[in-house]
Number of protein chains: 4
Amino acid sequence: MNATRPQTRRERLDAKETAVISAARALFLEKGEAGTRVAEIAKRACVAEGTLYLYFKNKRAILQAVVADHWEQLTVGAREAVEGQTETFDKLEALTTFHLRAVIADWSLLMLGTRLWATGAEAEEQMERDYRRNYVAIFDDLFRRGQDRGDVAADASLWQVRDLFYGTLEYTARTMMLHPERTDYDGVTEFVVAQVKSACLSGGQMPLYKEESGSRDLRSITGRLEAALKDLKSLDV
Amino acid sequence: MNATRPQTRRERLDAKETAVISAARALFLEKGEAGTRVAEIAKRACVAEGTLYLYFKNKRAILQAVVADHWEQLTVGAREAVEGQTETFDKLEALTTFHLRAVIADWSLLMLGTRLWATGAEAEEQMERDYRRNYVAIFDDLFRRGQDRGDVAADASLWQVRDLFYGTLEYTARTMMLHPERTDYDGVTEFVVAQVKSACLSGGQMPLYKEESGSRDLRSITGRLEAALKDLKSLDV
Amino acid sequence: MNATRPQTRRERLDAKETAVISAARALFLEKGEAGTRVAEIAKRACVAEGTLYLYFKNKRAILQAVVADHWEQLTVGAREAVEGQTETFDKLEALTTFHLRAVIADWSLLMLGTRLWATGAEAEEQMERDYRRNYVAIFDDLFRRGQDRGDVAADASLWQVRDLFYGTLEYTARTMMLHPERTDYDGVTEFVVAQVKSACLSGGQMPLYKEESGSRDLRSITGRLEAALKDLKSLDV
Amino acid sequence: MNATRPQTRRERLDAKETAVISAARALFLEKGEAGTRVAEIAKRACVAEGTLYLYFKNKRAILQAVVADHWEQLTVGAREAVEGQTETFDKLEALTTFHLRAVIADWSLLMLGTRLWATGAEAEEQMERDYRRNYVAIFDDLFRRGQDRGDVAADASLWQVRDLFYGTLEYTARTMMLHPERTDYDGVTEFVVAQVKSACLSGGQMPLYKEESGSRDLRSITGRLEAALKDLKSLDV
DNA sequence: CATGAATGAGGTTTCATTCAT
DNA sequence: AATGAATGAAACCTCATTCAT
């Protein structure tokens, strides 16, 4: 039985496509889009230069494929990370951990994506937007379910919290890349989660006010305690 | 006396250099670095192509100049915005407003900067880092003075708050660019300021809303409880 | 009995070869030699690309086959047209009609032939010459038989009349292609036939004008001769 | 005085353009359009490859320039040839001599022109048509003036005579190229002129009538001679 | 006989940079 | 200091041809 290579047709083509994409990713990451020559990609993928053009129309198309592939992996990874948890903020923490590490690992790929729409091609700009929207849907879902469960304030603003979450995380990732001495992943995670939590618990526009309202509660409690103590005091006499 | 043009030598050269830089900025913004030809820059700056090379060694050097110029303007603008205020959080708000608008106006320029170190040139990476550090110093200063004045918790982490601040702001700027229907600049500012405030009021590692919001209140409440208990204790005598 | 497909081997191969040739003809006509990709020919002929090379050594060989095929058809068609007539000039008219239409229908094919020897390949140049010679033999035959029958002057120059015939006809065809409003096929035929006839009736080197322009001279000479003869006559008496 | 090179700017550019065109012409003639590499043209014109593209947008544009240049030279040459003569048919003869030699000398250039519209580019097809129309205008002028002077029958068809003229001449040129042993330029010229004359003297549709009139004359003349001789003979008795 | 994926040489074109004027 | 024509390296891509299946 020659069951060793069951997939003789379709599979081999896919393998070659994958090889090209990962070769291209490596080179794009290392030398940027403009700095990478198609010939190099071909050589690294162990294909002839012309063969590339059987799989991709363009150098640009290769870049698109790399980016698409990256987003797909990101999305799958994030989904898996989140699915491992049941509680809203456990999910958030898992997503935070995943995203931070993923962004640090492939920062340049996010930049490649950015490059796609930096050239003014309308269609590609739309694609990039869609990829990100699709990825971000995981957070959005988490957020909305949190609202349903009562973990997240009903009037919290998804837009703002989302920007807070991804913005802080990605900026931190960049900072950590530039300063390799910063390695406190857990601290960062804790901080971000706490910050997001804080934003989730209050209405989007005035996050502080809730706590202050809480402080009012505290004050009334204190008043009641004082009253109770005063009461206690008068009884003792 | 030929006082009509007092600065006939040095000044005219500077004017030409400036013309080149702003022509280059406009084109880089519009069509990206790779999409902009040196010839175009020259034409737009009303200089001959060869003349460019009397002022700049390279196309790359032009890009560097554009980026440097941009950071300088940013820094000056931010400093002015902050200097108009005296209170820590008023300064913060002013800086927020300024940065958000500046980033939206020239998003691509930030990307150009990113591009400088995306190609793996060590020296340029360092430059970009220095520019940003210099710009960010304004925030750092604000933060540290806030700590001195007691507006910011002594144990708040500058790194984390800074990442929170710039990260959220820049991500929001990007989001707003992609979704022109979002125009609530004030809401965003308010949200970011509140969020930063919240992070400033607590130690970096324990940003949780609960501790924080209450911290001052709690202290006073604690004081009252202590007083009440002391009172109670005195009764025991 | 498997008499359903009597020609199962040889015939099927020929069919495929024919399919390739006619696919190639169509494409060459439409887009020129350089503009036609081998892959297109294959697809149009419903054969795999590699299969082409079982039948033809080259793209160039395909072109040769197309041209050869075209000349063959032309020759057969012309022969049939001529055979339908018995008189010399009826044959000529039939040939004229046929050639004019054939050339208009497949003008580009003649050009393809030209292209074969425009590239400086000696062998192909010779082929093209032979094809044409073979085709033109029909005219030559008509001409020579006309001489035998006395329809054509014995001293008429075959070369010149042949050039006159095909040259005028083909140039007219081109003109008619460029000016679709010219549709007077019959007029053209009549003109060409008349012109050829005129050239046939006189010696090649001394075409009609001499006799013709001379007709006046001849008349005066005749007059003088008559006068002389009359003179002679009167003297003799 | 450095009057040695009075034209330092414009002229030198024109010289370079001319150099490119003639280099291109030589190569196109020798190896065809597809067979000629742009690099070769550049080398032969003693320019850098990139320089070509300062003068011509395309390889195709070079071809167009070559063809345009050729038609221009042809037209100028033909005009000069014709202007040397005053009589209609002397002009015709001069034009015949010129065209025959010009076509033989640069046959392939005519074919290049053909190639321009063989690819289906509408605009180029139009250009080629215009060039030829402009060139042919010389013949048309000659023809029409001949009609005015009474040298050419008023009802002669310009279209047909023109096709006869150029068609026969160009076909003959081709034949002569393929058969170098044919060198009887004068005979060809004589024949073509005579043929055109014959077509000019009669209405387009019935070119034979003149000769027939001639042949009638001849016949009647012969009759008179025969009668006179018979007369003479009878005297001998 | 048939296939069609793979090849890779070679073509055209661009554009940052130089240098004679 | 200023010019802009000239350069030429190198990039992307095409497509006729081959060959393992």
Side-chain angles (χ1 to χ4, degrees), chain A residues 8-10 12-13 16-17 33-43 45-62, chain B residues 8-9 12-13 16-17 33-43 46-63, chain C residues 9 12-13 16 33-43 46-63, chain D residues 8-10 12-13 16-17 33-43 45-62:
Chain A
T8 340
R9 217 148 306 167
R10 182 78 202 162
R12 211 137 27 119
L13 296 190
K16 206 158 276 185
E17 188 172 316
E33 180 192 1
T36 300
R37 297 195 296 286
V38 173
E40 282 179 302
I41 302 177
K43 186 182 289 180
C46 297
V47 235
E49 212 169 331
T51 308
L52 282 192
Y53 290 87
L54 295 179
Y55 291 86
F56 302 95
K57 199 188 69 199
N58 258 347
K59 186 188 187 183
R60 177 44 66 113
I62 300 178
Chain B
T8 337
R9 212 139 306 167
R12 214 149 14 131
L13 295 191
K16 205 160 276 188
E17 190 173 313
E33 179 193 2
T36 300
R37 332 236 161 286
V38 173
E40 283 179 300
I41 300 177
K43 185 184 291 178
C46 297
V47 212
E49 220 166 321
T51 309
L52 281 190
Y53 289 85
L54 298 177
Y55 293 85
F56 300 95
K57 198 188 69 195
N58 257 346
K59 185 187 187 183
R60 176 46 66 111
I62 300 177
L63 176 59
Chain C
R9 212 139 307 166
R12 210 143 22 124
L13 295 191
K16 207 161 273 186
E33 179 192 1
T36 300
R37 332 238 162 286
V38 173
E40 282 180 300
I41 300 177
K43 186 185 290 178
C46 298
V47 211
E49 219 166 321
T51 309
L52 281 191
Y53 288 84
L54 298 176
Y55 292 85
F56 302 95
K57 198 188 69 195
N58 257 346
K59 186 188 187 182
R60 176 46 66 112
I62 300 178
L63 176 59
Chain D
T8 341
R9 217 147 307 165
R10 183 76 202 161
R12 213 142 20 127
L13 296 191
K16 205 158 277 185
E17 188 172 315
E33 180 192 1
T36 300
R37 297 195 294 286
V38 173
E40 282 180 302
I41 301 178
K43 186 183 289 179
C46 297
V47 234
E49 216 168 327
T51 308
L52 280 193
Y53 288 86
L54 295 179
Y55 292 86
F56 302 96
K57 200 187 69 202
N58 258 347
K59 185 188 187 183
R60 178 42 69 110
I62 300 178

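Keep in mind it's a predicted model, so treat the numbers as computed, not measured. Quick note on labels: first sequence line is chain A, next is B, and so on, each numbered from 1. Reckoned from all heavy atoms, side chains included, excluding hydrogens, waters and symmetry mates.
- Separation of the P atoms belonging to dT21(F) and dC1(E) is 23 Å when rounded to the nearest angstrom.
- Pairing analysis of DNA chain E (Watson-Crick: purine N1 to pyrimidine N3 plus N6-O4 or O6-N4; G-U wobble: N1-O2 and O6-N3; both under 3.5 Å) yields stems of 3 or more pairs at E:2-21 with F:2-21.
- Note that the NZ atom of K16(D) and the CG atom of L52(D) stand 11.0 Å from one another [nearest 0.5 Å].
- In this structure, CZ on R60(D) lies 4.5 Å from CD on E33(D), to the nearest 0.5 angstrom.
- Side-chain proximity of L54(A) to the nucleotides dA6(E), dT7(F), dA2(F) is greatest for dA6(E).
- Dashed line: the shortest gap from a side-chain N or O of K16(D) to OP1 or OP2 of dA5(F) is not under 4.0 Å.
- What you find for T36(D) and K59(D) is that their closest heavy atoms are O-NZ, 2.8 Å.
- Of the residues near DNA chain E, C46(A) and A48(C), the one whose nearest nucleotide (by heavy atom distance) lies more toward the 5' end is A48(C).
- Using a 4.5 Å cut-off on side-chain heavy atoms (C-beta onward), L13(A) and Y55(A) make contact.
- A straight line from CD of E40(B) to P of dG4(F) spans 17 Å, rounded to a whole angstrom.
- Residue K43(C) contributes atom NZ, which lies 11 Å from atom P of dG4(E) at whole-angstrom precision.
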Output one letter per nucleotide in nucleotides 11-18 of chain E: B when a protein non-hydrogen atom lies under 4.0 Å from the base, S when only the sugar-phosphate is that close, - when neither is.
SBBBSSBB
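- How far CD of E17(B) is from CD1 of I62(B): 10.5 Å, rounded to the nearest 0.5 Å.
- Across all non-hydrogen atoms, the minimal contact from N58(A) to Y53(A) is CA-CE2, 4.4 Å.
- Between the CD1 atom of I41(C) and the P atom of dC15(F) there is a distance of 12 Å, rounded to whole Å.
- Going from atom CG of L52(C) over to atom C1' of dG4(E) covers 12 Å, rounded to whole Å.
- Among the heavy atoms of the strands lying under 4.0 Å from Y55(A) are primed sugar atoms or P, OP1, OP2 only; no base atom is included.
- Atoms CD and CZ, on E49(D) and R37(D) in that order, are 10.0 Å from each other to the nearest 0.5 Å.
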